[in-house]
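Just so it is clear: chains get the letters A, B, ... in the order the sequence lines come, proteins before strands, and each one is counted from 1.
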Protein chains: 2
Amino acid sequence: MPAIKKTTYKDHVVEHVYQSLLDGRCHPGEQLKEGLIAAELGISRAPVREALKELTARGIVVYRPQVGCFLAQPSPQEIGDAYTARGLIEGYALMTTRHLFSSADLSRLHLLVEEMGQAAQRGDRKEVVEVGDTFHTMLVGKAINSQLAEYLERLRLKLHVLFCRYWPELYTPEEIAERHRRIVVSLQSGDARLIEETVRSHYSESGGKIAVLALTVRERHAA
Amino acid sequence: MPAIKKTTYKDHVVEHVYQSLLDGRCHPGEQLKEGLIAAELGISRAPVREALKELTARGIVVYRPQVGCFLAQPSPQEIGDAYTARGLIEGYALMTTRHLFSSADLSRLHLLVEEMGQAAQRGDRKEVVEVGDTFHTMLVGKAINSQLAEYLERLRLKLHVLFCRYWPELYTPEEIAERHRRIVVSLQSGDARLIEETVRSHYSESGGKIAVLALTVRERHAA
DNA sequence: AAATTGTCTATTGTCGACAATCGACAATAA
DNA sequence: TTATTGTCGATTGTCGACAATAGACAATTT
């Protein structure tokens, strides 16, 4: 891994658009006009096009030929599907790597769960998301299947924006911690089926809730 | 769905490169030079770049910043992983949609298996691949999860090129038919676990064999 | 001789301009 | 009124040219 990362304008644009979405400066469904973004950043349209291509590949934006790029506005159905997919794959990944976790790893995971709960109680949203990321990264980090790992990362990025938008309305601090604790406990049990089932329900539950929330938001928007 | 598909130069290039790979005019690891391809097709580099971006997203080519694009040369490990991933997802998809298959569907599937076996016996490789595609499309066509369906399609395209290259060396005509018949039989049983397991082993078996074959080819090439 | 440095070439990264296409609106006809 | 057609502006698709960079090879130094 190189110490310095080589960066191009394209990478800058990708980050710019993604952050705009996270920060609420852009909204799902909105059209991303190449010329406009290029002007904003003081560059030409070429790297902007490259960046939009990449974001399209990531599923963050959708692309209509001869019309343009739009920020993805996943339907409740699609949101649910994406969470289900993540549950399926992450469950499988964790199941297949369950015996690679040392007791030190498990302690670390329990610690992260506590931190998460405390951060949630403090109302420190950013910290909750950050610790949550660390937690899931640790869980999946041992995954041996490169293809599934890659797809999982794509799903993570795609769902991240949804999660950041909605999670504070979904769970109490206690629930946040408890939900993640269940995963660690299942992992400790070493029971293959229990692990898969726990992870799947972890995500299908979140997915269902967020889908409903997205639906109400969409209806509100339509009115 | 529009009756006529709107096509751009980019789409043409994507198809050109993909076919070149299937037809053996290009080989894994080879660098794809934008200028060269543009000259070959009599167009400018811009649409070629777009096409290479898309192929990169599909995993057909790998991209090194400031250096260029190369036809993917998946390691045996990666090949095995891709097949495992496909087995996991396709097994799940078939398992969740098992009750959507009518007896007419099942008859059709059995018929396809027979056609496949006969084509294999005639040595009609193209027909075997075509029937095989129809078969798998029918199996997964009822999939309800949009995200998994999308990823499955990507995996299919990615593995297609490997499969076309190696399958005649892997199985006898009898085996070809028998392997697929097992899937239909498991589907008829309606047993969720059996279906998942059958599909998973179907792919992990192929994956393992192709990975080994790719390894020997690679060694031969290195010598 | 081996390692380092400098130069050169091929290839990608970026640019601004032009052409092609889409969507919206107005004008027209039934 | 309603449906069809024509025009127009905005946006993407494509182009050729230039700048920047990586990799190869030669020159230089130790």
Side-chain angles (χ1 to χ4, degrees), chain A residues 1-18 20-21 25-73 222, chain B residues 1-18 20-21 25-73 222:
Chain A
M1 204 175 299
I4 67 159
K5 60 177 178 184
K6 59 196 65 169
T7 177
T8 71
Y9 284 164
K10 179 203 71 178
D11 301 317
H12 192 81
V13 176
V14 168
E15 210 50 39
H16 174 78
V17 173
Y18 193 70
S20 296
L21 187 55
R25 289 197 301 274
C26 295
H27 298 280
E30 193 175 319
Q31 182 168 10
L32 299 172
K33 296 168 190 174
E34 298 174 357
L36 198 61
I37 296 175
E40 276 174 21
L41 299 178
I43 59 179
S44 84
R45 277 174 51 213
V48 177
R49 283 178 69 81
E50 309 262 325
L52 292 179
K53 266 283 169 208
E54 184 165 326
L55 288 164
T56 301
R58 288 199 205 169
I60 308 290
V61 316
V62 296
Y63 161 73
R64 288 198 289 156
Q66 316 283 16
V67 178
C69 292
F70 300 79
L71 282 172
Q73 194 174 26
Chain B
M1 204 172 298
I4 67 160
K5 59 176 179 184
K6 59 197 63 173
T7 176
T8 73
Y9 284 165
K10 179 204 70 179
D11 301 317
H12 193 80
V13 175
V14 168
E15 210 50 37
H16 174 78
V17 173
Y18 191 70
S20 295
L21 186 56
R25 289 196 302 273
C26 295
H27 298 278
E30 192 175 319
Q31 183 169 10
L32 298 173
K33 297 166 189 175
E34 298 175 357
L36 198 62
I37 296 175
E40 276 174 20
L41 299 179
I43 59 178
S44 84
R45 277 175 50 215
V48 176
R49 283 178 71 80
E50 308 262 327
L52 291 179
K53 265 284 167 208
E54 184 165 326
L55 287 164
T56 301
R58 288 199 205 170
I60 308 289
V61 317
V62 295
Y63 162 72
R64 287 199 290 156
Q66 316 282 17
V67 177
C69 292
F70 301 79
L71 282 172
Q73 195 173 26

query = Rounded to the Å, how far apart are Glu50(B) CD and dT14(C) P?
reply = 14 Å
key: Sugar-phosphate, base or nothing in reach of Leu52(B), heavy atoms under 4.0 Å   = nothing
inquiry  = Tell me whether His12(B) at atom NE2 has more than 12 heavy atoms from other residues, nucleotides or ligands lying less than 6.0 Å away.
reply    = no
request  = Please tell me if the side chains of Ile60(A) and Tyr18(A) come closer than 4.5 Å, counting only heavy atoms from C-beta onward.
outcome  = yes
ask   = Are side-chain heavy atoms of Gln66(A) and Thr8(B) found at a separation under 4.5 Å?
value = yes
query = Of the nucleotides dC15(C), dT12(D), dT12(C), which one has an atom closest to the side chain of Lys33(B)?
reply = dT12(C)
task = Output yes when at least one side-chain N/O atom of Arg49(A) is less than 4.0 Å from OP1 or OP2 of dC15(D), else no.
result = no
inquiry  = Between C1' on dT21(D) and CD on Glu34(B), what's the gap in Å once rounded to a whole number?
reply    = 14 Å
message = In whole Å, I'd like the distance from the CG atom of Asp11(B) to the C1' atom of dT14(D).
response = 14 Å
Separation of Leu32(A) CG from Ser20(A) OG (nearest 0.5 Å) = 9.0 Å
ask   = Of the candidate nucleotides dG13(D), dG23(D), dC15(D), which contains the atom at the shortest distance from the side chain of Val67(B)?
value = dG23(D)
message = Any base atoms under 4.0 Å from Leu32(B), or only sugar-phosphate, or nothing? Heavy atoms, all strands.
response = sugar-phosphate
inquiry  = On the side chain of Arg64(A), is there an atom forming a donor-acceptor pair with the base of dG23(C) - under 3.5 Å, no angle test?
reply    = no
key: Among dT14(C), dT12(D), dC15(D), the nucleotide that comes nearest once only the side chain of Ser44(A) is considered   = dT14(C)
task = Kindly say if Tyr63(B) contacts the phosphate of dG13(C), meaning a side-chain N or O under 4.0 Å from OP1 or OP2.
result = yes
task = Calculate the interatomic distance between Leu41(A) atom CG and dG16(C) atom P; express it in whole Å.
result = 14 Å
ask   = Taking atom C1' of dG13(C) as reference, at what distance in whole Å does atom CZ of Arg45(A) sit?
value = 16 Å
note = Rounded to whole Å, the CD1-C1' distance (Ile37(B) to dT11(C)) equals 13 Å
message = Can you measure Leu36(A) atom CG to dT11(D) atom P for me and round it to whole angstrom units?
response = 8 Å
task = Would you indicate which nucleotide in dT14(C), dG13(D), dT12(C) comes nearest to any side-chain atom of Thr8(A)?
result = dT14(C)
request  = Taking atom OH of Tyr9(A) as the centre, report whether more than 12 heavy atoms of other residues, nucleotides or ligands fall under 6.0 Å from it.
outcome  = no
message = Measuring from the side chain of Gln66(B) (C-beta onward, heavy atoms only), which nucleotide among dT21(D), dC15(D), dG23(C) has the closest atom?
response = dT21(D)
message = What's Gln31(A) touching, base or sugar-phosphate or nothing? Going by heavy atoms closer than 4.0 Å.
response = sugar-phosphate
query = Rounded to the nearest Å, what distance is computed from the NZ atom of residue Lys53(B) to the P atom of nucleotide dG13(D)?
reply = 16 Å
